[in-house]
*Asks:* 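The structure that follows is given in the form of structure tokens.
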Amino acid sequence: MTVRVRYAPSPTGHLHIGGARTALFNYLFAKNQGGTFILRIEDTDLERNVDHAAEAFAEQLRWLGVEWDEGAYVGGEYGPYICTDRLSIYDEHIRLLRERGYAYDCFCTETELAEHREMAIVRGETPRYSGRCRHLTEQQRKAFLTEGRKPALRFRVSDDEVIHFADMIRGEMTFDAGATGGDFVIVKSNGIPTYNFACTVDDYLMKITHVIRGEEHISNTPRQLLIYKAFGWEPPTFAHVSLILGANGKKLSKRDESIIQFIEQYRDLGYLPEAMFNFLALLGWTPSEKQEILARDEVIRAFGFDRVNKSGAFFDAAKLAWMNGHYVRERSEQELLPLVKHMFLNYHKESKWLESDPWLLKLISLYKDKLNYLAQLPEMASPFLSDVLFPDEDANALLADDSTRAVLSEFAEQVANTTSWDADVAKATLKAVQAATGHKGKELYMPLRAAVLGQLHGPDLNQSLALLGRERILARLLYVQ
RNA sequence: GGCCCCAUGGUCAAGCGGUUAAGACACCACCCUUUCACGGUGGGAACAGGGGUUCGAAUCCCCUUGGGGUCACCA
């Protein structure tokens, strides 16, 4: 039996790091097993669907390198892969369930149900559907219908049943059907099936062998299992992946601002997909070898649920940043160039220096070691990008010092006398200044940094001087004197 | 509250009855370096508590505590 797994997001927003990891684990398992990874769009909540969210998911997933073999946007023989295109399929199955007596119309209104729920909570009881509409007579049904009430369809749960399943991550799981909350809705009064129903039918029809999803779905599993049983279907194997936690230790809420949550935001900050892929894979899974920097195929080769952790994990942005820095350093300047250009679109737009690729390539090579993610570059490299220099506090303090004056004026003179300009010439010039002034080491280099770059820290000085160019150096020396 | 899940350093985590309890990130120190960074070396830092089982428990069982998920005509 070949493995078939699916990621089935509901198109309500942007791809979230938690969703991305779930998708990734599905993908990794499929690829490791030589199976098929499917993308299905779970859009049965008409009100929450967001326009173009599904396309955005697809785009983000592709950016991450989590490609699906079958499903939305690529097709396949088990389609359609968008739930709202499958309504007629659900209808057939609903009829079947009705005929077999597994489902019945419920005319309770939302307000009635809400009242019941609250009363139960007040009494300290577990909220649970009373089963009020379970035994409506045909007459009562007709009366409601002529009244214009639109029924929801409920699945009949027999309370004495014990449900169990083996979870690939958690092992044996057992539930009392009676404790799941009573008869549950499988078709909403607007005629659209609920998640639990659509998901079950789709997974079966699409021949899904392993359902890999977030831990928040554990409590849905018994209900879905009941549906499998009603149809007489063999259920798939389940794997419930632990949650990604926010700084507060709770499931990451979309409003949590302690952490950047959407894949798109990381991309925009200049995080690299290979870093995100690597990092996300390590969130809840560990390879047996002691190595954390892993290329895509290494992860695929090593992945397995026997090494997936049960407990929730905090998303450690600092580690991601470190890992991204590693991958930045691994890329060539040439590979980084288009990303950097794109990055600068939002910053030094007006800088004429951005038009020269050779110049930018040198800038990148100067700063590559210092970067964790590309959005740090515009700020970091601002001495090279803007025409006006604003020396920072330390630089200003040094410039106020008398002993720097001699160095600066000597340097200005020497630079003016050069006939060509590159890193070697800069180096020779500095030597000459050293000889002429007697200042060496920090006494020589720091004043220059302060005057020409406005900062005491930065990339290699000779390279910096070369990149800056003679004219700008002279202009800046003039400015500070 | 009911049901369910989880529990090793600040974080991610290895460990699956006998280890000086790995490694990575972060932090600190030192080295490299004219600075910063990169890189290298070293350091501090953990088995939630209590009972069992066992010659021997981080590892197995129970209880307690703590944290989390879920209790929708949302997924």
Side-chain angles (χ1 to χ4, degrees), chain A residues 8-12 42-45 47-48 83 106 108-110 113-114 117 120-121 123-129 150-154 167 169-170 173-176 178-182 184-196 198-199 213-222 240 242-243 245 247-251 279 282-293 306-307 309-323 325-326 329 366-372 380 394 430 440-446 448-449 453 455-462:
Chain A
S10 63
T12 54
E42 207 92 40
D43 60 347
T44 51
D45 186 343
E47 270 131 57
R48 290 196 197 188
C83 290
C106 171
C108 299
T109 64
E110 292 222 43
L113 292 170
R117 228 183 345 259
I121 290 167
R123 269 177 281 146
E125 292 169 12
T126 307
R128 158 182 224 291
Y129 178 63
K150 295 253 184 287
L153 190 70
R154 279 187 191 270
D167 190 288
I169 297 171
R170 280 149 221 282
M173 308 271 273
T174 308
F175 292 86
D176 247 334
T180 58
F184 58 93
V185 172
I186 54 176
V187 181
K188 299 177 261 188
S189 54
N190 66 0
I192 310 287
T194 58
Y195 164 74
N196 277 130
C199 171
R213 67 211 326 184
E215 189 187 326
E216 70 269 29
H217 286 290
I218 289 182
S219 55
N220 280 321
T221 310
H240 289 98
S242 66
L243 268 14
L245 279 16
N248 55 4
K250 290 191 201 294
K251 172 183 169 183
F279 181 75
L282 255 29
L283 209 55
W285 170 79
T286 38
S288 47
E289 287 100 47
K290 290 172 187 171
Q291 192 191 331
E292 303 212 340
I293 298 292
D306 51 329
R307 299 191 65 84
N309 226 64
K310 287 194 264 252
S311 43
F314 172 75
F315 188 92
D316 188 353
K319 185 158 180 174
L320 202 214
W322 162 79
M323 190 173 275
H326 169 86
R329 263 153 249 133
L366 235 40
Y367 280 98
K368 208 166 92 166
D369 281 355
K370 304 178 199 316
L371 291 172
N372 277 149
M380 239 179 228
D394 292 342
L430 285 186
K440 58 178 181 176
K442 289 186 184 184
E443 286 176 35
L444 173 63
Y445 298 105
M446 287 305 170
L448 283 177
R449 280 191 182 281
L453 298 166
Q455 300 168 355
L456 267 26
H457 304 304
D460 179 83
L461 185 57
N462 296 323

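Order of the sequence lines sets the chain letters (A, B, ...), proteins ahead of strands, with each chain counted from 1. Remember, predicted model here, so these are calculated numbers, not experimental data.
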*Asks:* Just to be sure I understand the rule, does A:His240 reach a base, reach only the sugar-phosphate, or reach nothing, if contact means heavy atoms closer than 4.0 Å?
*Replies:*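 The residue A:His240 makes no contact with any strand.
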
*Asks:* Considering just the side-chain nitrogens and oxygens of A:Asn309, establish if one lies under 4.0 Å of OP1 or OP2 belonging to B:A14.
*Replies:* yes

*Asks:* Say we look at B:C62 and B:U53: how far apart would their C1' atoms be, to the nearest angstrom?
*Replies:* 11 Å

*Asks:* Need one value for A:Cys199: base, sugar-phosphate or nothing, where a base atom within 4.0 Å counts as base even if backbone is also close, heavy atoms only.
*Replies:* nothing

*Asks:* Is it true that A:Asn196 and A:Thr194 share a donor-acceptor pair across their side chains at a distance under 3.5 Å?
*Replies:*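 Side-chain D/A pair, A:Thr194 to A:Asn196: absent.
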
*Asks:* Counting just side-chain N and O atoms, does A:Arg154 come under 4.0 Å of either OP1 or OP2 of B:C73?
*Replies:*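 It does, given that an N or O in the side chain of A:Arg154 lies less than 4.0 Å from OP1 or OP2 of B:C73.
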
*Asks:* Within the structure, does a side-chain N or O atom of A:Arg128 lie under 4.0 Å from either OP1 or OP2 of B:U70?
*Replies:* no

*Asks:* Would you indicate what A:Arg307 reaches in the nucleic acid, counting non-hydrogen atoms under 4.0 angstrom: base, sugar-phosphate, or nothing?
*Replies:*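 Answer is sugar-phosphate: A:Arg307 comes under 4.0 Å of backbone atoms only.
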
*Asks:* Report yes or no: is the cationic atom of A:Arg154 (NZ for Lys, CZ for Arg) under 6.0 Å from the centre of the six-membered ring of A:Phe184, at an angle within 45° of the ring normal?
*Replies:* no

*Asks:* Tell me, which stems hold RNA chain B, with a stem being 3 or more Watson-Crick or G-U pairs in a row and both distances under 3.5 Å?
*Replies:* B:1-7 with B:65-71, B:10-12 with B:23-25, B:27-31 with B:39-43, B:48-52 with B:60-64

*Asks:* Looking at A:Asp176 and A:Gly178, would you say the former's side chain and the latter's main chain have a donor-acceptor pair under 3.5 Å?
*Replies:*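 Not a single qualifying donor-acceptor pair exists.
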
*Asks:* Is A:Arg117 near enough to B:A72 that one of its side-chain N or O atoms lies under 4.0 angstrom from OP1 or OP2?
*Replies:* yes

*Asks:* Look at all strands and tell whether A:Leu456 reaches a base, only sugar-phosphate, or nothing, counting heavy atoms closer than 4.0 Å.
*Replies:* base

*Asks:* Side chains of A:Thr221 and A:Arg213 only: does a donor on one sit below 3.5 Å from an acceptor on the other?
*Replies:*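 Note: A:Thr221 and A:Arg213 side chains meet the donor-acceptor criterion.
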
*Asks:* Could you check whether A:Gly458 gets within reach of a base, just the sugar-phosphate, or nothing at all, counting any heavy atom under 4.0 Å?
*Replies:*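 Here A:Gly458 touches the bases of the nucleic acid.
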
*Asks:* Within the structure shown, what part of the strands sits under 4.0 Å from A:Lys290 by heavy-atom distance: base, sugar-phosphate, or nothing?
*Replies:*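 Base, at least one base atom sits under 4.0 Å.
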
*Asks:* It should be established whether A:Lys251 places a side-chain nitrogen or oxygen under 4.0 Å from OP1 or OP2 of nucleotide B:U70.
*Replies:* yes

*Asks:* Using a heavy-atom cut-off of 4.0 Å across all strands, would you classify A:Pro9 as base, sugar-phosphate, or nothing?
*Replies:* nothing

*Asks:* So A:Asp316, base contact, sugar-phosphate only, or nothing? Heavy-atom distance under 4.0 Å.
*Replies:*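 Result for A:Asp316 = base.
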
*Asks:* Can you see which heavy atom on A:Leu245 is nearest to which on A:Gly249, and at what distance?
*Replies:* CG-O, 3.5 Å

*Asks:* Please check the phosphate of B:A75 (OP1 and OP2 only) for any side-chain N or O of A:Thr44 closer than 4.0 Å.
*Replies:*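 Looking at the OP1 and OP2 atoms of B:A75, one of them is under 4.0 Å from a side-chain N or O of A:Thr44.
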
*Asks:* What about A:Ser189, does its side chain sit under 3.5 Å from the base of B:C73 through a donor-acceptor pair?
*Replies:* yes

*Asks:* Should A:Lys319 be listed as having a side-chain N or O under 4.0 Å from OP1 or OP2 of B:A24?
*Replies:*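 Answer no for this pair, as no side-chain N or O of A:Lys319 is under 4.0 Å from OP1 or OP2.
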
*Asks:* If the cut-off is 4.0 Å, is A:Lys150 near the phosphate of B:C73, judged by side-chain N/O to OP1 or OP2?
*Replies:*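 For A:Lys150, the contact criterion (side-chain N or O under 4.0 Å from OP1 or OP2 of B:C73) is not met.
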
*Asks:* Looking only at the side chain of A:Trp322 (C-beta and beyond, no hydrogens), which of the listed nucleotides B:A26, B:U35, B:C12 gets closest?
*Replies:*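 The closest nucleotide is B:A26.
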
*Asks:* When we call it a touch if two heavy atoms are under 4.0 Å apart, what does A:Glu42 touch: a base, just sugar-phosphate, or nothing?
*Replies:*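 Sugar-phosphate contact only - A:Glu42 comes under 4.0 Å of backbone atoms but never of a base.
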
*Asks:* Listing time: all N or O pairs from protein to nucleotides 2-5 of chain B that are below 3.5 Å?
*Replies:*
residue : atom : partner  : partner atom : Å
B:G2    : O4'  : A:Thr126 : OG1          : 3.4
B:C5    : O2'  : A:Arg170 : NH1          : 2.5

*Asks:* Taking any heavy-atom pair under 4.0 Å as a contact, classify A:Met446: base, sugar-phosphate, or nothing.
*Replies:* sugar-phosphate

*Asks:* With a 4.0 Å cut-off on heavy atoms, is A:Asn196 in touch with a base, just the backbone sugar-phosphate, or nothing at all?
*Replies:* nothing

*Asks:* Does A:Asn220 contact B:A75 through a side-chain donor or acceptor facing the base, at a distance under 3.5 Å?
*Replies:*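 For A:Asn220, whose side chain was compared with the base of B:A75, there is a donor-acceptor pair (under 3.5 Å).
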
*Asks:* Under 4.0 Å between any heavy atoms, over every strand shown, what does A:Gly325 touch: base, sugar-phosphate, or nothing? Just pick one.
*Replies:* nothing

*Asks:* Which part of the nucleic acid does A:Leu243 contact within heavy-atom distance under 4.0 Å: base, sugar-phosphate only, or nothing?
*Replies:*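 Sugar-phosphate, backbone atoms only, no base.
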
*Asks:* Look at the side chain of A:Arg307 and the backbone N and O of A:Trp285, then say whether any donor-acceptor pair between them is shorter than 3.5 Å.
*Replies:*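 Flag not set: sc A:Arg307 to bb A:Trp285 has no pair under 3.5 Å.
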
*Asks:* Classify the ring geometry of A:Phe279 against A:Phe315: parallel below 30°, tilted from 30° to 60°, perpendicular beyond 60°.
*Replies:*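 Plane angle over 60°, so perpendicular.
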
*Asks:* Taking all non-hydrogen atoms of both residues into account, name the closest pair between A:Ile218 and A:His240 and its distance.
*Replies:*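 The answer is CG1-CG, 3.6 Å.
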
